[in-house]
Amino acid sequence: MKKFSDFKIGDSFFSTCSISDKELEEYLNFSRVRNAFLEDKQKGVQKLVSGRAVLSRMEGEFSRLSQIYGNDIIFLGTDGDSEWGNRNTRFVKPLYTDQVLKLKFSISEKKDIDEEFGKIVVDYEGTNQDGEIIVLSKKNIYRIKKEPKNSLEFLSLFAFDSNL
């Protein structure tokens, strides 16, 4: 795990994932998204993954990176990119279930908020197994505690009363 002080603008981290039919169905059920295009029930046919599901998986993969996991970090939102008319995400190609999604997370900004917290801004890039860009998402903003809990403090959160 990296601490806030360890992050540098330009740092990049990588992960790989895919979204199964079952995971997509669970996401659509949870989010209550209704779109006939996404509800194709043909057996043996890969399904189109909704953009929000792709972004949710990317966010989840970011939070699981060894450099990130263990930090007190919270997603604050996104800022638009002036080069994109103040939008932050572009879906360039479709992603289908069980396709490989190679992820790159790059630190594009880093700022102090106060004594306790800092802010990192992360750009996401997702490509398929052939290196073709699927999605770009810029300026995903995170608040991060400058000094994460030490391991003893963390473990004390899970201590239990042995007298029970």
Side-chain angles (χ1 to χ4, degrees), residues 1-35 37-81 83-84 87-111 118-146 148-149 151 154:
M1 169 185 68
K2 286 184 144 196
K3 296 191 309 187
F4 176 76
S5 60
D6 298 329
F7 289 106
K8 306 287 183 253
I9 293 174
D11 284 351
S12 292
F13 313 103
F14 302 89
S15 183
T16 302
C17 67
S18 64
I19 299 172
S20 70
D21 287 339
K22 182 179 181 207
E23 289 169 325
L24 178 59
E25 187 173 326
E26 289 170 354
Y27 172 80
L28 294 174
N29 286 336
F30 166 77
S31 65
R32 299 181 60 123
V33 169
R34 293 294 308 226
N35 184 327
F37 194 66
L38 298 173
E39 295 176 3
D40 189 358
K41 302 287 186 192
Q42 294 179 19
K43 294 259 188 223
V45 176
Q46 290 179 307
K47 294 173 183 66
L48 178 66
V49 179
S50 73
R52 293 275 186 206
V54 172
L55 289 174
S56 291
R57 176 52 63 88
M58 292 175 87
E59 164 79 12
E61 292 295 320
F62 176 72
S63 70
R64 297 169 57 94
L65 291 169
S66 63
Q67 298 90 342
I68 301 301
Y69 185 74
N71 279 296
D72 290 340
I73 189 167
I74 188 164
F75 179 64
L76 295 177
T78 60
D79 273 350
D81 188 304
E83 293 177 20
W84 288 354
R87 295 180 191 101
N88 77 308
T89 301
R90 289 284 183 264
F91 294 95
V92 179
K93 288 187 170 281
L95 180 72
Y96 295 93
T97 53
D98 297 322
Q99 280 188 317
V100 172
L101 186 61
K102 296 178 179 182
L103 306 174
K104 177 181 178 183
F105 305 98
S106 299
I107 306 295
S108 58
E109 293 179 39
K110 176 185 169 184
K111 293 182 182 175
K119 175 174 85 171
I120 57 174
V121 178
V122 183
D123 295 342
Y124 297 171
E125 178 181 294
T127 60
N128 64 17
Q129 61 274 7
D130 299 322
E132 300 169 315
I133 294 175
I134 299 293
V135 60
L136 298 167
S137 184
K138 296 183 180 182
K139 299 192 177 196
N140 297 280
I141 305 166
Y142 294 88
R143 184 181 78 164
I144 182 171
K145 194 166 187 176
K146 289 182 178 176
K149 294 178 179 77
S151 57
F154 182 74

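Heads up: numbering here begins at 1 and tracks the sequence.
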Minimum heavy-atom separation for [X] to [Y], with atom names?
X      : Y      : value
Ile134 : Thr127 : CG1-C, 3.9 Å
Leu24  : Ala53  : CD1-CB, 4.2 Å
Leu101 : Met58  : CD2-CG, 4.5 Å
Glu61  : Ser15  : OE1-OG, 3.0 Å
Val54  : Val135 : CG1-CG1, 4.1 Å

Any non-hydrogen side-chain atom of [X] less than 4.5 Å from a side-chain atom of [Y]?
X      : Y      : result
Arg143 : Leu76  : yes
Phe75  : Asn140 : yes
Ser20  : Asp98  : yes
Val49  : Thr97  : yes
Lys139 : Glu109 : yes
Ile107 : Phe13  : yes

Nearest 0.5 angstrom please: [X] [atom1] to [Y] [atom2], how far?
X      : Y      : atom1 : atom2 : answer
Lys102 : Asp130 : NZ    : CG    : 8.0 Å
Phe14  : Gln67  : CZ    : CD    : 10.0 Å
Asp123 : Lys104 : CG    : NZ    : 9.5 Å
Asn71  : Leu65  : CG    : CG    : 11.0 Å
Lys111 : Ile120 : NZ    : CD1   : 13.5 Å
Ser63  : Ile68  : OG    : CD1   : 9.0 Å

Quiz item: Hey, does the side chain of Arg57 reach the backbone of Ser18 with a donor-acceptor pair shorter than 3.5 angstrom?
Solution: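 Confirmed, Arg57 side chain pairs with Ser18 backbone.
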
Quiz prompt | Side-chain (Lys8) to main-chain (Ser5) donor-acceptor, under 3.5 angstrom | solution =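 It does hold such a pair.
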
Step through the shown structure and confirm whether more than 12 heavy atoms of other residues, nucleotides or ligands are within 6.0 Å of [atom1] on [X].
X     : atom1 : result
Arg90 : CZ    : yes
Ile9  : CD1   : yes
Glu83 : CD    : no

Practice problem: State, without any angle test, whether Glu59 and Tyr142 hold a side-chain donor-acceptor pair at a distance under 3.5 Å. | Solution: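 The criterion, which ignores hydrogens and geometry beyond distance, is satisfied for Tyr142 and Glu59.
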
Self-check item: From CA spacing to verdict: side-chain contact (heavy atoms from CB on, under 4.5 Å), Ile144, Phe7
Solution: CA-CA 11 Å; Ile144 182 171; Phe7 289 106; 3.8 Å; yes

Quiz item: How are the rings of Phe62 and Phe105 set relative to one another: parallel (under 30°), tilted (30 to 60°) or perpendicular (over 60°)?
Solution: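 Tilted, since the angle between the ring planes falls between 30° and 60°.
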
Exercise. Tell me, please, whether Phe4 has Lys110 positioned over its six-membered ring: NZ or CZ under 6.0 Å from the ring centre and within 45 degrees of its axis?
Key: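 Lys110 over Phe4 ring: yes.
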
